[in-house]
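A quick write-up on the structure given underneath.
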2 protein chains.
Amino acid sequence: MKIDPNSSKDLSAQIAQAIKEAIIAGQLPVDERLPSEAELSEQFDVSRPTVREALKRLAAQSLIRTQRGATGGAFVNRLSFEDAYAQQITTSTLLLSMNAVSFETACEARYALERACAQLSSQRREADHLATMRAEIHRQSQPGLSDEAFCASDVAFHRALVDGAGNPVLSYQLAGAVEAMQPSMNMITFSARSRSEIIALHTRIADAIEAHAPDKADAALAELQTYTVKLANDVIAARATKP
Amino acid sequence: MKIDPNSSKDLSAQIAQAIKEAIIAGQLPVDERLPSEAELSEQFDVSRPTVREALKRLAAQSLIRTQRGATGGAFVNRLSFEDAYAQQITTSTLLLSMNAVSFETACEARYALERACAQLSSQRREADHLATMRAEIHRQSQPGLSDEAFCASDVAFHRALVDGAGNPVLSYQLAGAVEAMQPSMNMITFSARSRSEIIALHTRIADAIEAHAPDKADAALAELQTYTVKLANDVIAARATKP
DNA sequence: GACTTTTAATTGTCATACAATTAAAAATAA
DNA sequence: TTATTTTTAATTGTATGACAATTAAAAGTC
């Protein structure tokens, strides 16, 4: 691992890049301890603060974890699905909010992915996924529920649907798409009328999944997508006329 | 924005978190300049190196960019789709390699997403996506092509298919799934026999997209998935018997 | 042998200094 | 005046050295 002191990039960025590549290439296996900060500064011929900046860059990406104390140090971190979810969610959230992605586009992506999952989910879903979906539907029909809680329950419902596919890679991919839309969804006020409509569709989806009927699940999801976009457009239209 | 000096977490992690939340909440708009490092260290009552470690954490996530000089500083970065791709790819790659995700699981996720895209792509595809797909098919049938180049062309083909859906959010999501599988795909040796089989399927896909026939595209993709998994299993079986 | 204390290694934080970069301001020349 | 050059000031990048906090192992003690 070498760095170029005359490069235009920061030394800490170069060092982080070098270590990152070593991790990706598998040269540094999971739980391997990196040399101490003092040793790294000697190896790369830079100061300790520079090394530390590099390590913090890696820590920010969950590539390493650090521990203090005698046997401490920086260790290659096993990237967990949980860590990956979190990163995926912030990245997707910022992507949507900073790039003027329309609600419709985000919604289309989300439901395209979700319909792909529903196929698998109707084959494989297990009792607990179905139970979660039913429980969330029940929660959604409680009268006093706030809009935020309704949205959160909505996310949980769709999460169970996706997890039912039994493919962690799909779950991870979709977590971003679903949760990144939360801010937009929270802007929608869900009237009693719209809630009952959504609950009806959720019930149809759960029924279809339970009956191992992918086509019915697909149709219900398509309707839900159309309905969600319509609700959002109504909100946008209402704001435009009376700001 | 406040931090807790008695928290178990590093000061730099807390500061990074606080700024990150402000960015996500939209309190710090794109291209806004953060206070200088000296000012931040006063505000948070920490030293400059600590502030710098926090800023490097944010830079590693493409949340800010820094500039030297008189009018320099740290600026809130507009997270581009390109930056997001890159993050998505490394995260997905590490997720697969570090968590013993089977080739089959990864492949299933990839094709589930890709088939979802193909639906949209067959409705919307424009001339240039189709042209790219045809060009890559042509490249793949060149005799002297190395396995790496064949794989790269394969990625380009699927990329065009996905981009044909005209939904940047989908393209971003899938970039990870497709490119993260590159390392696994590169382990497969593509015989002349398997290449021609793949090329035939690619041609069927391109034809279906051109003819606006989502069902045919879906069927061809399903076959391609089955065939890819079979190829991979053959490689694994061959390694097991003769290591 | 079990418990306590000491020690050494390591990361976390701080203070300070200087180098490198850059845009604006000031000075100079045409 | 205008164009060019020089100076200046602000800012990030890097280095050095020091000390605090943490932790496991080693040494000591009962």
Side-chain angles (χ1 to χ4, degrees), chain A residues 1-20 23 28 30-77, chain B residues 1-20 23 28 30-77:
Chain A
M1 283 191 296
K2 291 275 170 61
I3 58 171
D4 169 19
N6 301 322
S7 160
S8 62
K9 281 212 288 188
D10 294 353
L11 291 177
S12 70
Q14 290 181 58
I15 293 169
Q17 181 70 23
I19 298 176
K20 182 175 175 177
I23 293 174
L28 293 170
V30 168
D31 292 335
E32 176 95 341
R33 182 181 177 281
L34 299 185
S36 72
E37 294 174 355
E39 287 171 313
L40 285 172
S41 39
E42 271 202 13
Q43 280 182 31
F44 287 109
D45 197 29
V46 298
S47 68
R48 191 157 80 100
T50 301
V51 166
R52 282 183 61 79
E53 287 177 10
L55 293 180
K56 294 312 155 200
R57 294 177 115 109
L58 298 174
Q61 299 173 274
S62 306
L63 292 175
I64 62 169
R65 59 180 187 278
T66 53
Q67 234 178 354
R68 297 225 272 203
T71 58
F75 299 84
V76 176
N77 199 31
Chain B
M1 284 191 295
K2 290 274 170 60
I3 58 172
D4 169 19
N6 301 321
S7 161
S8 62
K9 282 212 289 185
D10 294 353
L11 291 176
S12 68
Q14 291 180 58
I15 294 169
Q17 181 69 22
I19 298 175
K20 181 176 175 175
I23 293 174
L28 292 170
V30 169
D31 292 335
E32 176 95 340
R33 182 181 178 281
L34 299 185
S36 72
E37 294 173 357
E39 287 171 311
L40 285 172
S41 39
E42 271 203 12
Q43 281 182 31
F44 286 110
D45 198 28
V46 297
S47 68
R48 217 190 113 202
T50 301
V51 165
R52 281 183 61 80
E53 286 179 10
L55 294 180
K56 294 312 155 201
R57 293 176 115 110
L58 299 174
Q61 299 172 274
S62 307
L63 292 175
I64 61 168
R65 60 181 186 278
T66 54
Q67 234 178 355
R68 297 226 272 203
T71 58
F75 299 84
V76 177
N77 199 31

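For clarity, every value in this text was computed on a predicted model and none was experimentally measured. All chains are named by letter (A, B, ...) in the order of the sequence lines, taking the proteins before the strands, and each is independently numbered beginning at 1.
Although no hydrogens or angles enter the test, the distance criterion places a donor-acceptor pair under 3.5 Å between the side chain of B:N77 and the main chain of B:S62. The closest donor-acceptor contact from the side chain of B:R57 to the backbone of A:E53 lies at 3.5 Å or more, if one exists at all. Side chain of A:Q14 to main chain of A:K9: a donor-acceptor pair is present (N/O by atom type, distance under 3.5 Å, no hydrogens or angles). A donor-acceptor pair under 3.5 Å is absent between the side-chain atoms of A:E42 and the main chain of A:E39, judged by distance alone.
A heavy-atom distance below 4.0 Å to DNA chain C is reached by these residues of residues 60-69 of chain A, ordered by number: A:T66, A:Q67, A:R68, A:G69. Residues of residues 37-52 of chain A that place a heavy atom closer than 4.0 Å to DNA chain C, in numerical order, are A:E37, A:R48, A:R52.
Summarising the geometry, the separation between CD1 on A:I15 and P on D:dG13 is reported as 14 Å, rounded to the nearest angstrom. Computed from coordinates, the B:E53 CD to C:dA15 P distance equals 14 Å when rounded to whole Å. Regarding B:F75, its CZ atom lies at a distance of 13 Å from the P atom of C:dT22, rounded to whole Å. Summarising the geometry, the separation between CG on A:D10 and P on C:dA19 is reported as 19 Å, rounded to the nearest angstrom.
Between B:K56 and A:D10, some side-chain heavy-atom pair lies under the 4.5 Å cut-off. Under the 4.5 Å side-chain criterion, counting only non-hydrogen atoms from C-beta, B:L63 is not in contact with B:V76.
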With side chain to side chain contact (heavy atoms under 4.5 Å, CB included) as the criterion, how do A:V46 and A:I15 come out once you've worked through the C-alpha distance, each side chain's angles and the decisive distance to 0.1 Å?
CA-CA 10 Å; A:V46 298; A:I15 293 169; 3.8 Å; yes

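Each of A:T50, A:D45, A:D4 was checked for a side-chain contact (heavy atoms from CB on, under 4.5 Å) with A:L11, and the lone residue meeting it is A:T50.
Contact annotation for A:K9: no contact, since no heavy-atom pair falls under 4.0 Å across all strands.
Checked for salt-bridge contact, B:R65 and B:D31 meet the test: a charged N lies under 4.0 Å from a carboxylate O.
Sequence order on DNA chain D of the closest nucleotides to B:G72 and A:S12 puts B:G72 first from the 5' end.
Side-chain nitrogen and oxygen atoms of A:K56 include at least one within less than 4.0 Å of the OP1 or OP2 phosphate oxygen of C:dG12.
Listed nucleotides D:dA10, C:dA9, D:dA15 differ in distance to B:A70; the shortest reach to its side chain belongs to D:dA10.
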